[in-house]
Amino acid sequence: MIGLIFGPPGSGKGTQASRLEREFDMAHLSTGEILRSEAAHGSPVGKEAARIMAAGDLVPDDLIDRIVESRLRRIEPGTSVLLDGFPRTIKQAQALDRMLAKLGRNVDFVVALDVPEPLLVDRLLHRAAVEGRADDTREAIMERMHEYHSRTAPVLDHYRRSGVPVAEVSGVGDVDEVLDRVRNALRGALHLPRYKPGAGGI
Ligand code: B4P
């Protein structure tokens, strides 16, 4: 099973993905986390990515595609994977389709989180105060929103056109409320019974 968690910056992709990973025993692959880890280690890729991320821009497609491909190859065949923050452009989505086809796999579902922009900005500014992430300045946040609308949002149509189930879920409310919605949307997309505590994974 290959799933994508999709949404604008601050919509809670990473927050929800880390919970789904545990609950459904999926490998969680976050391109944002991989890039931050490269940046923290000061690798050449990391230094370049850190500069781009701090400005709120998207890291070049080729670089991201290479990172994801090498990670996917390392995952044991048959393992369920939850991709978080990738693909973020149509080119990345096309590259992912090619990578998965080589592995005999495909995207099975997309869960898209929907949160109004003023709330996204508040969440990210709050995170800036708590964690001090370099890309959570007001200026970088505005650039990230712009990149999302112009380059990332069209990716959803790529999947709709390809017949992949896309579940749109409100990301407003506390983390557990959103998790309930995500879980049920995911089960709906996969034609599984709605969630009952203790009923098991995907
Ligand atoms: P990401 O790491 O994906 O960061 P994000 O979009 O800000 O985060 P996310 O939506 O996961 O929000 P989170 O759960 O943390 O990307 C960072 C950067 O990396 C990008 O801007 C780009 O430069 C680069 N990058 C990554 N992937 C790329 C790609 N494929 N191509 C090119 N460039 C790429 O939640 C945000 C905050 O809200 C947190 O503080 C959280 O605690 C809070 N929150 C979450 N859910 C909440 C809720 N329900 N209520 C209240 N607060 C909540």
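In this chain, residues are counted from 1 in sequence order. As the structure lists them, so they are numbered: ligands from 1, and atoms in each ligand from 1.
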**OP:** Write out the residue and atom name of the closest protein heavy atom to atom 51 (C) of ligand 1, then the distance separating them to 0.1 Å.
**Re:** Arg123 NE, 3.6 Å
Subject >> Ligand-side contact atoms (ligand 1) for residue partner Asp135, heavy atom cut-off under 4.0 Å >> reply: 17 (C), 18 (C)
Original post:
Can you get from Leu119 to Leu113 by hopping between Ile, Leu, Val, Met, Phe, Trp and Tyr side chains that sit under 4.5 Å apart?
Top reply: no
Original post:
Do Val121 and Arg138 have side chains that get closer than 4.5 Å, going by heavy atoms?
Top reply: yes
**OP:** For Ser11, take its heavy atoms, then give the atoms of ligand 1 lying under 4.0 Å from any of them.
**Re:** 10 (O)
Original post:
Less than 4.5 Å apart, any side-chain heavy atom of Leu72 and any of Leu29?
Top reply: yes
Original post:
Is there side-chain contact between Val164 and Asn106, with heavy atoms separated by less than 4.5 Å?
Top reply: no
Original post:
Any N or O of Phe86 that comes nearer than 3.5 Å to an N or O of ligand 1?
Top reply: no
**OP:** Show which atoms of ligand 1 fall inside a sub-4.0 Å distance from at least one heavy-atom site of Ile64.
**Re:** 28 (C), 29 (C), 30 (N), 31 (N), 32 (C)
Original post:
Should Lys13 be counted as touching ligand 1, given the test is an N or O pair under 3.5 Å?
Top reply: yes
Subject >> Close-contact set for ligand 1 against Asp174 heavy atoms, below 4.0 Å >> reply: 49 (N)
Original post:
What is the closest protein heavy atom to atom 36 (C) of ligand 1, and at what distance does it sit?
Top reply: Arg127 NH1, 3.4 Å
**OP:** Classify the contact between Gln16 and ligand 1 as side chain, backbone, both or neither, using a heavy-atom distance cut-off of under 4.0 Å.
**Re:** neither
Original post:
Less than 3.5 Å between some nitrogen or oxygen of Gly14 and one of ligand 1, yes or no?
Top reply: yes
Original post:
Considering only heavy atoms of Gln92, which atoms of ligand 1 have at least one such atom less than 4.0 Å away?
Top reply: 29 (C), 30 (N), 31 (N), 32 (C)
**OP:** Could you tell me whether Arg144 and Asp136 make a salt bridge, using a distance below 4.0 angstrom between a side-chain N and a carboxylate O?
**Re:** yes
Original post:
Does Glu131, backbone or side chain, put an N or O under 3.5 Å from an N or O of ligand 1?
Top reply: no
**OP:** Taking only Lys NZ, Arg NE, NH1 and NH2, and the carboxylate oxygens of Asp or Glu, determine whether Glu69 and Arg98 approach each other closer than 4.0 Å.
**Re:** no
Original post:
Heavy atoms, side chains only, cut-off 4.5 Å: are Asp65 and Met99 in contact?
Top reply: yes
Subject >> Flag side-chain contact, heavy atom, 4.5 Å: Arg183 against Asp180 >> reply: yes
Original post:
What residue and heavy atom of the protein are closest to atom 19 (O) of ligand 1, and at what distance?
Top reply: Met53 CE, 3.5 Å
**OP:** Identify, for atom 21 (O) of ligand 1, the protein heavy atom at the shortest distance, and state residue, atom and that distance.
**Re:** Arg144 NE, 3.6 Å
Original post:
Does Arg133 come within less than 4.0 Å of ligand 1, judged by its heavy atoms?
Top reply: yes
Subject >> Residue-ligand contact His126/ligand 1, heavy atom below 4.0 Å >> reply: no
Subject >> Nearest heavy atoms of Thr31 and Gly85, plus distance in Å >> reply: OG1-O, 3.1 Å
**OP:** Can you sort out which atoms of ligand 1 are near Pro8, meaning under 4.0 Å from one of its heavy atoms?
**Re:** 10 (O)
Subject >> Atom of Arg88, atom of Thr152 and distance for their closest heavy-atom approach >> reply: O-OG1, 2.8 Å
**OP:** Mark up the atoms of ligand 1 that fall under 4.0 Å of a heavy atom belonging to Val175, in ascending order.
**Re:** 47 (C), 48 (C), 49 (N)
**OP:** Kindly compute the distance separating CG (Asp84) from CD (Glu21), expressed to the nearest 0.5 Å.
**Re:** 9.5 Å
Original post:
Heavy atom of Ala17 under 4.0 Å from ligand 1?
Top reply: no
Subject >> Nitrogen or oxygen atoms of Asp84 and ligand 1 under 3.5 Å apart >> reply: no
Subject >> ligand 1 atoms in contact with Gly85 (distance to a heavy atom under 4.0 Å) >> reply: 27 (N), 28 (C), 29 (C), 30 (N)
**OP:** Among all protein heavy atoms, pick the one closest to atom 20 (C) of ligand 1 and tell me residue, atom and distance.
**Re:** Arg88 NH2, 3.8 Å
Subject >> Any N/O pair Gly10/ligand 1 closer than 3.5 Å >> reply: yes
**OP:** Please write down residue, atom name and distance for the protein heavy atom closest to atom 35 (O) of ligand 1.
**Re:** Thr15 OG1, 3.7 Å
Subject >> atom 33 (N) of ligand 1 [closest protein heavy-atom partner, distance rounded to 0.1 Å] >> reply: Val59 N, 3.1 Å
Original post:
Is Tyr159 close to Leu4 at the side-chain level, that is, under 4.5 Å between some pair of heavy atoms?
Top reply: yes
**OP:** Please confirm whether Gly173 comes under 4.0 Å of ligand 1, counting heavy atoms of the residue only.
**Re:** yes
Subject >> Protein contact to atom 23 (O) of ligand 1 [nearest heavy atom, distance to 0.1 Å] >> reply: Asp57 O, 2.7 Å
**OP:** Check Val155 against Ala93 and note the closest heavy-atom contact, atom names and distance.
**Re:** CG1-CB, 4.2 Å
